[in-house]
2 protein chains.
Amino acid sequence: MPSSTDSRAAASRPQLTADRVVEAAAAVADREGLHGVSMRRVGGELGVEAMSLYHHVAGKDALLDALADWLMVRVERPSPDGPWREAIAARCRSLRAVMRDHPWGPALVESRRAPGMTLLGHLEAVLECLHRGGFPVQLAAHAFSVLDAYVYGFVSTERSLPFEPGGGVDDLAAELALPADVFPRMVELIEQAIVGRSYDYADEFEYGLELVLDGLEARLGEGPAESVAR
Amino acid sequence: MPSSTDSRAAASRPQLTADRVVEAAAAVADREGLHGVSMRRVGGELGVEAMSLYHHVAGKDALLDALADWLMVRVERPSPDGPWREAIAARCRSLRAVMRDHPWGPALVESRRAPGMTLLGHLEAVLECLHRGGFPVQLAAHAFSVLDAYVYGFVSTERSLPFEPGGGVDDLAAELALPADVFPRMVELIEQAIVGRSYDYADEFEYGLELVLDGLEARLGEGPAESVAR
DNA sequence: ACCTGAACACCGTTCAAGT
DNA sequence: ACCTGAACACCGTTCAAGT
């Protein structure tokens, strides 16, 4: 038997690494929300004391930075080939899907100060895709800004809206205690737009996405020369 | 001298009320960020122990709900008269201005589960404005969704972007350690779109806002009858 | 080298006690 | 009625000590 790797616990407990720490943090966040991600609890997830984590991550802030990176790795980058509109639409849907699967995502990304390398690489891929699609630099900046604002905003507001997607909507107005004389438009919207037709909030996402893409396509067609000159 | 209001401290320290507690919380948030809003610190802001707050707010969660309400009170509601586009644009700019003045706003709103009465009243005003502008219910729902997603998303992403608005941008690429061979599009964007012209991120907000409003106006013009029928 | 126990300065909240 | 001190169960982080 070798003498260097003979610790008793090593067999049942694989080596602690930065990656395993981040993975554990993601698991805790998925289960208990961003609020539940504490050094002690992430340590517990790995069968280790909280203080052990400090040998692999600089601190909680660094761990959250790494967790934000973990999230962006999961977002599909737009393929630089093929029509830009399809590629960009696909990456926007992917971004939204990742945030839906990990509801703590928007709040985490929002709380981070500087963008990580994975996020920067992702943005680079988006810009490259737009560039090949014929977007001059200035218009690409606009496109990037409005697209990301829309997608992040959508996933952020989606959960705080009065109607919960997929939930029962019959007693919704009653649940919110929305008197029809004070909130007539709101009650009307809930009744007509949700009750009575199979309301899927995913359709809402697509509607806005197409609206934004239409706007960008129109401005792209207005003539790239003008954008470059001014 | 009256006997009911003779406490010594009462003169120097006005009555503690729920409103004053929320106001103090806002002051702490403005000064130290959302992270700094603790019961103990809000109490300290009022010259009172943390436990005293519990006589006026149910707990920290209730205090944060009230703080989110405090924020929405400051957002200008769209006037129901006049053209819808101007009214809606003004309220979007107001929403953004409030969030700029209180950078903890997006994270706070994002963290709240259910919308407060002030937010509901605000949404009602937006829907009423759109209704008078000729929006059928379904299109109003779309408009409301895409507009709020854009505005919230914009203020949320604005602070986590690589370029800090108003800051020095000359050494930006170096600061981010962005090698031009790995991030060519990014470096190009920073150089051409920011350095060399007076880049104001406020313009970016207007650009996207007009794009979204253009899209809504076009869909409104396509014929409201169709939206109602389907 | 990697892990840990004890310790420090913080949290939100409860509760019995003060006025 | 309103305020508070002590207490409880938590935090992130440091540091000296273990192996």
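Lettering follows sequence order; numbering is per chain, from 1.
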Please tell me if B:H56 has a side-chain N or O lying less than 4.0 Å from either OP1 or OP2 of D:dC3.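 Answer yes for this pair, as a side-chain N or O of B:H56 is under 4.0 Å from OP1 or OP2.
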It should be established whether B:Y54 places a side-chain nitrogen or oxygen under 4.0 Å from OP1 or OP2 of nucleotide C:dT14.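 B:Y54 to C:dT14 OP1/OP2: no side-chain N or O under 4.0 Å.
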Grab the [atom1]-[atom2] distance between [X] and [N] for me, whole Å please.
X	N	atom1	atom2	value
B:H55	C:dA16	NE2	P	14 Å
B:L64	C:dC11	CG	P	14 Å
A:L16	C:dA1	CG	P	17 Å
B:K60	C:dC10	NZ	P	15 Å
B:E49	C:dT13	CD	P	16 Å

Pairing pattern in dot-bracket form [Watson-Crick, G-U; both distances under 3.5 Å; | = partner strand] for DNA chain D: ||.|||||...|||||.||
Are [X] and [Y] ion-paired here, with the side-chain N under 4.0 Å from a carboxylate O?
X	Y	value
B:R185	B:E188	yes
A:E206	A:R93	yes
B:R31	B:E45	yes

Between C:dA6, D:dG12, C:dG12, which one does the side chain of A:M51 approach most closely?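 For A:M51, the side-chain atoms sit closest to C:dA6.
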Could you list by number each residue of residues 31-41 of chain B showing a heavy-atom separation from DNA chain C of less than 4.0 Å, or answer none if no residue does?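 DNA chain C contact set from residues 31-41 of chain B: B:V37, B:S38, B:M39, B:R40, B:R41.
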